[in-house]
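Single-structure report; data block below.
The chains referred to below are lettered A, B, ... by the order of the sequence lines, with proteins before strands, and numbering in each begins at 1.
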Protein chains: 2
Amino acid sequence: MTNPLALKLEQFTRFDGAERARLDFLAAQPSKTYARGATIIAEGEKVASIHLVLEGLAARAKTLPDGGRQIMAFLVPGDLCDVEVFVLEAMDHDIVAIADTTCALIPAAMIEDMLTESSKLTKALWWSTMTDSAVLRERIIDHGSRNARERIAHILCELLIRYRIVGVTSDASFPFPLTQKELVQATGLTSVHVNRVLQQLRAEGLIVLKNRVVTVLDTHRLKAAGQYEARYLHLTRTERRDPGVSDRAGDLVPATHHRLLQDATHTLKSILGRN
Amino acid sequence: MTNPLALKLEQFTRFDGAERARLDFLAAQPSKTYARGATIIAEGEKVASIHLVLEGLAARAKTLPDGGRQIMAFLVPGDLCDVEVFVLEAMDHDIVAIADTTCALIPAAMIEDMLTESSKLTKALWWSTMTDSAVLRERIIDHGSRNARERIAHILCELLIRYRIVGVTSDASFPFPLTQKELVQATGLTSVHVNRVLQQLRAEGLIVLKNRVVTVLDTHRLKAAGQYEARYLHLTRTERRDPGVSDRAGDLVPATHHRLLQDATHTLKSILGRN
DNA sequence: CCGTCACCTTGATCTGGATCAATTCTCCTC
DNA sequence: GAGGAGAATTGATCCAGATCAAGGTGACGG
C-alpha cells in the first residue's frame with residue numbers, strides 16, 4: 001500500500017531514503033479498521049498510541065449538550081488524529097469514522113524517537129500540525145463569514161485537494177461518504193438547507209454527487225463559489241516535485257503560489273538549513 | 001514585569017530554576033509596542049522572530065474578499081503569535097493589535113535552541129500549541145452550533161479565564177478593549193445584534209461592561225449562558241499549584257476536572273518522565 | 001464651546017436559513 | 001420481491017439575526 005503520510009509530508013519537503021523508510025515503518029504499524037459511524041477515540045479518553053488514517057474518512061467532532069454533534073475537521077488518509085497524546089491528559093473531542101476507516105496505531109514512543117532523531121521529520125510533523133490549525137481557522141471563516149453555498153463549496157474544494165495530495169484521486173472525482181446528516185454537522189446548517197444548496201450546485205453544473213462520489217465539473221467556478229484560496233494549506237512543493245503531483249493538486253493551487261515558488265529554493269534551504 | 005509566558009506554561013507543568021530562567025530570558029527580549037488597530041504581522045509576511053504578547057490584546061484575523069475581517073482567535077499576554085515561523089514560508093493570516101499591545105520579539109533560533117536543549121520546555125510549547133488548536137475548535141462550535149447569546153457569553157468566559165491564568169486580573173473583571181466592531185468580526189454577527197445581546201446580558205445582571213472593562217457579576221449563570229466548559233483549555237495544574245492560581249482560574253474550571261486531578265500525579269509523572 | 005468623528009443605541013423591516021411535515025428514493029434483509 | 005429503515009427531496013411556514021435608517025453620546029482638537 002502507498003503511504004499517505006509520506007505523500008502528505010512530501011508537500012513540505014523531500015525526504016532521503018532513511019527518512020522515507022522511517023515514515024513507511026510508521027504507516028506499517030498494526031492497523032485497526034473501524035466501521036462507518038464508530039467512535040475511533042472518545043472525548044475524555046487517554047490514548048497510548050497515535051492513530052494515523054490510512055484509508056477512509058474520519059472527523060473530529062464534539063457532542064453538544066442538546067445531543068447534536070459538531071464536526072470540526074475532516075481527517076483524510078495521511079492525517080494524524082491525536083498528536084496531542086504527548087502532552088494532554090485526555091482528548092477534548094471525539095474522533096468518529098465517517099466511512100469505514102483504517103488507522104495505523106503508532107506507539108507514541110515511536111514518534112518521540114523520531115522527534116529526537118530527525119530534525120527534518122520533526123519539522124515535517126510541525127508543518128503538518130500548523131497546517132491542521134490553518135484548516136481549523138479556515139473553518140471558522142466558513143462559519144463566520146460565508147453563506148451556505150460558499151461554505152459547502154469551500155469544503156468540497158478542500159476535500160478534493162486534500163484527497164489529491166495523498167493520491168486517493170487523481171482527477172476531479174473524490175469519495176464522499178458523508179451522509180447529508182454529517183454535512184449538516186460540519187456546516188452548521190440544516191439537512192433541508194444542505195439538500196437545497198447541493199441541488200443548486202448540481203443544477204448550476206458545478207458538481208455531480210452520485211453513489212457517494214463527488215465529481216467537480218467546473219473547478220474554477222466551484223472555487224469562485226467557495227472563495228477558495230488554497231494558500232492556507234501551505235503546499236510548498238506541489239508545483240516543483242513532479243508532474244504527477246502537479247496534476248494531482250492541479251489548478252486548485254493559486255497562481256500566486258506558483259510565482260512565489262519560482263525562486264523559493266534558497267528560502268527553503270535556509271528554513272531547512274539547520275538539518 | 002511578571003512573565004505571562006511562564007505563568008501560562010505553568011498551567012502545564014512546574015519548572016525548575018534553569019527552565020524558569022530561560023523563559024524569563026525569552027520574555028526579556030527586545031520588545032515593540034503596536035498601537036491599537038495596527039497590523040503586527042501581515043498575511044504573506046515571512047517573520048524572522050517570534051512575537052510573544054506581553055501586554056494588551058491582539059487577534060488572528062483574515063481579510064475577506066468583501067473587505068470585511070474575520071477574527072479567528074484572540075491573543076492575550078503569554079500567547080505566541082507565530083510559532084509557524086519554523087516551518088511555513090509565510091503567514092496565512094494577519095495579527096492585529098486590538099488594544100495597544102507590546103510584544104517581545106524572540107529570535108527563532110532562540111526557541112529552536114530551547115527545543116533541542118530542554119524536552120520539558122519543548123513539551124510545554126507543544127502543550128501551548130495543542131491548546132491553541134483546542135481554542136480554535138471551540139470557536140468553530142461557537143459559530144456552528146451556538147446562537148448569538150451563547151457565542152458572546154462563551155467568548156467572555158474564555159477571555160476571563162485566560163486573563164486570570166496570566167495574572168492580568170484576579171477577580172471577575174477584565175480589560176475589554178474590543179470595540180463592538182471587533183466583537184462583530186469575532187462572532188460573525190452584526191453590530192446591531194451584538195449590541196442587543198450585550199444589552200440583554202447586562203439587563204439580566206450577568207455582566208457589567210463599562211469603560212472597556214467587563215465585570216462578570218454571575219459566573220455561574222454566564223457559564224450556563226455560554227455552555228462554558230473549560231476542559232478544552234487543559235489547565236492541568238490549576239487546582240494544585242497554589243491558592244493564588246486557584247483563585248485566579250476560580251470556579252470557571254469544571255468540577256470534574258478537580259476530581260480527575262486527585263490522583264493525577266503519577267499520570268503526569270509518566271507523561272513527563274522522559275525528561 | 002462647538003464641531004466632528006468614532007462609537008453605541010434604538011426602531012422598523014426584511015431574509016437566509018430553520019422548522020415542521022410529508023413524500024419518495026435507495027438499499028438492505030429476509 | 002415485500003417490507004422497512006435510513007437517506008434524500010419537496011413544500012409551507014416561521015424566526016433569529018441581517019439590513020436599513022436615525023438618533024444619541026462622549027472624547028478629542030481648535
May I have the list of side-chain donor-acceptor pairs in residues 175-184 of chain B shorter than 3.5 Å, sequence neighbours left out?
{"unit_1": "B:Q180", "atom_1": "OE1", "unit_2": "B:N195", "atom_2": "ND2", "d": "3.2"}
{"unit_1": "B:E182", "atom_1": "OE1", "unit_2": "B:T179", "atom_2": "N", "d": "2.8"}

Residues in salt bridge (charged side-chain N to carboxylate O under 4.0 Å, His left out) contact with [X], at least two apart in sequence or another chain:
| X | value |
| --- | --- |
| B:D92 | A:R137 |
| B:D218 | B:R221 |
| B:R151 | none |

Evaluate the ring planes of B:H154 and B:Y232, with Trp represented by its six-membered ring, and classify them as parallel (under 30°), tilted (30 to 60°) or perpendicular (over 60°).
parallel

What's the [atom1]-[atom2] distance between [X] and [N], to the nearest Å?
| X | N | atom1 | atom2 | value |
| --- | --- | --- | --- | --- |
| B:K210 | C:dC8 | NZ | P | 16 Å |
| B:R36 | C:dA6 | CZ | C1' | 10 Å |
| B:L178 | C:dA6 | CG | P | 19 Å |
| B:Q199 | C:dT9 | CD | C1' | 6 Å |

Quick one: is B:Q180 getting a side-chain N or O under 4.0 Å of the C:dA6 phosphate, OP1 or OP2?
no

ring-ring contact (aromatic ring centres under 6.0 Å, His included) contacts touching residues 129-151 of chain B (sequence neighbours left out):
none

In B/S/- notation (B base, S sugar-phosphate only, - none; protein heavy atoms under 4.0 Å), nucleotides 17-30 of chain C written 5' to 3' is BSBB------S---

Taking only residues at least two apart or on different chains, which pairs with a member in [range] satisfy salt bridge (charged side-chain N to carboxylate O under 4.0 Å, His left out)?
| range | answer |
| --- | --- |
| residues 56-68 of chain B | A:E138-B:K62 |
| residues 73-82 of chain B | B:K8-B:D79, B:D79-B:R162 |
| residues 186-206 of chain A | A:R149-A:E204 |

Could you tell me which residues satisfy side-chain hydrogen bond (donor to acceptor under 3.5 Å, both in side chains) with B:S191, sequence neighbours excluded, listed by chain and number?
none

Rounding to 10 degrees, work out the angle separating the end axes of the helix from C:dC1-D:dG30 to C:dC30-D:dG1 (five pairs an end).
40°

Heavy-atom check, side chain of B:E84 versus side chain of A:H234, under 4.5 Å:
no

Could you list where the contact with chain A starts and ends along DNA chain D, reading 5' to 3', using a 4.0 Å heavy-atom cut-off?
D:dA7 to D:dA12

